[in-house]
Amino acid sequence: MRHGLIQTIKILIRYILVVINDCLIHLPIKRHLTIFESFNGQAINDNPAAIYRELKILHPEAANNLFFGIKGSNFAQAKKANPDVQLLKRWSLKWIWVTARANYWIFNSRMPLWWHKNAQTIYVQTWHGTPLKKLGLDIENVEIPGTSTKKYHDEFKKESARWDYLIAPNAYSENIFKRAFGFKNKFIRSGYPRNDLLITTNQTEINKLKIKLLGDNVDQVILYAPTWRDDNFIYKGRYRFDLPFDLKDFFASVPAHTVLIIRPHYLVKDHIDIRGFEDRVKIMADTDINQLYLISDLLITDYSSVMFDYANLHRPILFFPYDLKHYAGDLRGFYFDYLSQCPGPIVTQKDQFYEQLTIFSANKGFPNYQEQINKFDANFLTWENGTAAKQVIESIGF
């Protein structure tokens, strides 16, 4: 009974917010007023953060009109980590006012369809990755708790129709986005703003960042960033995460003073067992992932689109798709030939994994993969030149 009462109150609050929103969106927009959000208010990061910071440089006169929306539960942490950013608590009265009168919405994920947009507001959808696995309308069987495939497809089409601009990191992504999102408005062919730092940050700055995040007794940094698995749920809102390798065997395969950074999905960051290795393993779910890329000597991933971003650094990547057969066949499948196009070795067994770690440690890379790397760069990185944020700002007529 108590649960039912809570749900009724939530529905009532949403109704009130929608009524307020529907009244305010008929007011004229305010020039340059901009609301940014990353992953529905999770943090200040990704493409929206890169555009925000570039806007403050290019248009300092508009700085007081730039706001970042943050979830209430993450607000204190975001405020402490970003004292220079104007924050708005999501669903607060000021957030409602700003979203209704904003000149621009700049988001990297979908907004609830029941939250309406001022007809004069320009909605810039940055998205958040180059698609390796199927997404949007291309997913034939959606395995997300609380929704159905048809509902998911219908809501995606309705949301993409609201986007005035969509950023494409490469021609490959543009072709997929057009179909998978049903997108019919204007693409910005700029590369990803979040990747600008990977191209423009120098080695001195990287060394300082490494010390700041990990201290000064670290020789080698390995980043493990696996993909999000839709079917790894225990029940709605609770997910599991099991490391596919043994930490003792991992560190036996790499030099001393090697640190392993694990970058999990935020839903599982508190459910990873690193007991006994706390001094050599760092779980960093909230740190800007670009910072983790910059300080890492090797990326380990499976099917995650992090490979496309990290490749801008021209550093080694090891692919460990331990559940390849299941993932390719039963979940989303892939857009490209994963086994032939990945820019690095692919292993599916633990013994192969440890062997490749040993090879990397001895060679500071993986011999015999340069041809694949060159092809990968030509297919996916040609639009990335360190000026994406500036290109976006100019394209939307700010």
Side-chain angles (χ1 to χ4, degrees), residues 32 34-60 62-63 65-70 74 78 81-88 102-110 122-130 163-170 173-174 177 187-202 205-206 209 213 225 263 266 284-296 304-313 380-398:
H32 285 166
T34 306
I35 179 78
F36 300 81
E37 285 191 2
S38 183
F39 302 108
N40 297 312
Q42 287 294 332
I44 299 170
N45 57 20
D46 206 75
N47 291 314
I51 298 170
Y52 173 91
R53 298 194 186 282
E54 186 69 14
L55 258 177
K56 289 185 73 174
I57 294 171
L58 296 179
H59 294 278
N65 289 319
L66 309 179
F67 296 90
F68 234 99
I70 295 291
N74 296 2
N82 301 273
D84 61 326
V85 180
Q86 292 190 107
L87 305 184
L88 294 178
N103 195 165
Y104 298 96
W105 285 3
I106 300 181
F107 304 150
N108 74 348
S109 57
R110 294 179 292 156
I122 296 171
Y123 190 167
V124 182
Q125 175 58 248
T126 76
W127 204 241
H128 48 263
T130 293
W163 304 342
D164 297 289
Y165 294 93
L166 174 59
I167 295 176
N170 43 57
S173 296
E174 180 180 346
F177 288 165
F187 279 100
I188 301 176
R189 302 176 177 92
S190 60
Y192 271 150
R194 70 187 186 193
N195 290 339
D196 289 348
L197 279 175
L198 302 181
I199 298 166
T200 61
T201 304
N202 62 45
E205 293 168 326
I206 292 173
L209 179 61
L213 294 177
R263 174 62 175 218
Y266 71 91
M284 295 185 171
D286 302 315
T287 305
D288 187 336
I289 197 167
N290 266 349
Q291 296 185 349
L292 305 185
Y293 293 153
L294 286 168
I295 67 171
S296 299
S304 175
S305 67
V306 297
M307 74 167 82
F308 298 99
D309 301 325
Y310 191 81
N312 284 285
L313 290 168
F380 305 109
L381 304 185
T382 55
W383 291 2
E384 302 277 12
N385 61 17
T387 66
K390 182 179 180 181
Q391 290 182 61
V392 171
I393 292 165
E394 292 174 348
S395 295
I396 65 177
F398 192 93

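Summarising the geometry of Thr387 relative to Asp196, their closest heavy-atom pair is N-OD1, 3.4 Å, with the distance given to 0.1 Å. Of all heavy-atom pairs between Val306 and Ala225, the closest is CG2-O, 4.0 Å. Residues Met284 and Leu213 come closest through the heavy atom pair CE-O, 3.9 Å. Of all heavy-atom pairs spanning Ser190 and Ala388, the tightest one is O-CB, 3.4 Å. Across every non-hydrogen atom of Glu54 and Ala389, the tightest pair is CB-CB, 3.7 Å.
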side-chain contact (heavy atoms from CB on, under 4.5 Å) assessment of Ile44 paired with Arg53: CA-CA 11 Å; Ile44 299 170; Arg53 298 194 186 282; 4.2 Å; yes
For Ile393 and His59, run side-chain contact (heavy atoms from CB on, under 4.5 Å): C-alpha distance rounded to whole Å, both residues' side-chain angles, the deciding distance at 0.1 Å, then the answer. CA-CA 10 Å; Ile393 292 165; His59 294 278; 4.2 Å; yes
Test side-chain contact (heavy atoms from CB on, under 4.5 Å) applied to Arg194 and Tyr293, step by step: CA-CA 12 Å; Arg194 70 187 186 193; Tyr293 293 153; 5.7 Å; no
Carefully, step by step, assess Asn108 and Thr126 under the rule side-chain hydrogen bond (donor to acceptor under 3.5 Å, both in side chains). CA-CA 5 Å; Asn108 74 348; Thr126 76; 5.1 Å; no
Take Ile167 and Tyr192 through the test side-chain contact (heavy atoms from CB on, under 4.5 Å) and record every step on the way to the result. CA-CA 7 Å; Ile167 295 176; Tyr192 271 150; 3.9 Å; yes
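Using modelled atom types, one finds no donor on one side chain facing an acceptor on the other under 3.5 Å when comparing Asp288 with Asn45.
The distance from atom CZ of Phe67 to atom CG of Leu87, rounded to the nearest 0.5 Å, is 10.0 Å. Between His128 atom NE2 and Ser305 atom OG the span is 7.5 Å, to the nearest 0.5 Å. Taken to the nearest 0.5 Å, the CD1 atom of Ile188 stands 10.0 Å off from the CG atom of Asp164. Here the OG1-CG distance, from Thr34 to Leu55, works out to 6.5 Å after rounding to the nearest 0.5 Å. Taken to the nearest 0.5 Å, the CG atom of Asn312 stands 12.5 Å off from the CZ atom of Phe380. Considering OG1 of Thr130 and CE of Met307, their distance stands at 10.0 Å, rounded to 0.5 Å.
No donor-acceptor pair closer than 3.5 Å links the side chain of Glu384 to the backbone N or O of Gly191. Here the side chain of Asn170 pairs no donor or acceptor atom with the backbone of Trp383 at under 3.5 angstrom. With hydrogens and angles ignored, the 3.5 Å screen pairs no side-chain donor or acceptor of Glu394 with any backbone N or O of Gln391. Between the side chain of Tyr104 and the main chain of Ile396, a donor-acceptor pair closer than 3.5 Å is present. Looking only at distances, no side-chain donor or acceptor of Gln42 sits under 3.5 Å from a matching main-chain atom of Asp286. Judged by distance alone, the side chain of Asn74 and the main-chain N or O of Ala43 form no donor-acceptor pair under 3.5 Å.
Note: Phe36 and Phe68 have parallel aromatic rings, judged against thresholds of 30 and 60 degrees for the angle between ring planes. Between His32 and Phe398, the ring-plane angle classifies as parallel under the 30° and 60° cut-offs.
Looking at Tyr310 and Ser296, their side chains come closer than 4.5 Å, going by heavy atoms from C-beta outward. Using a 4.5 Å heavy-atom cutoff, the side chains of Pro169 and Phe177 are in contact.
Exactly one residue among Tyr165, Tyr52, Trp163, Tyr123 makes a ring pair (Phe, Tyr, Trp, His ring centres under 6.0 Å) with Phe107. That residue is Tyr123. Each of Asn290, Asn385, Leu313, Leu381 was evaluated against Asn195; a single residue qualifies, Asn290, per the side chain to side chain contact (heavy atoms under 4.5 Å, CB included) test.
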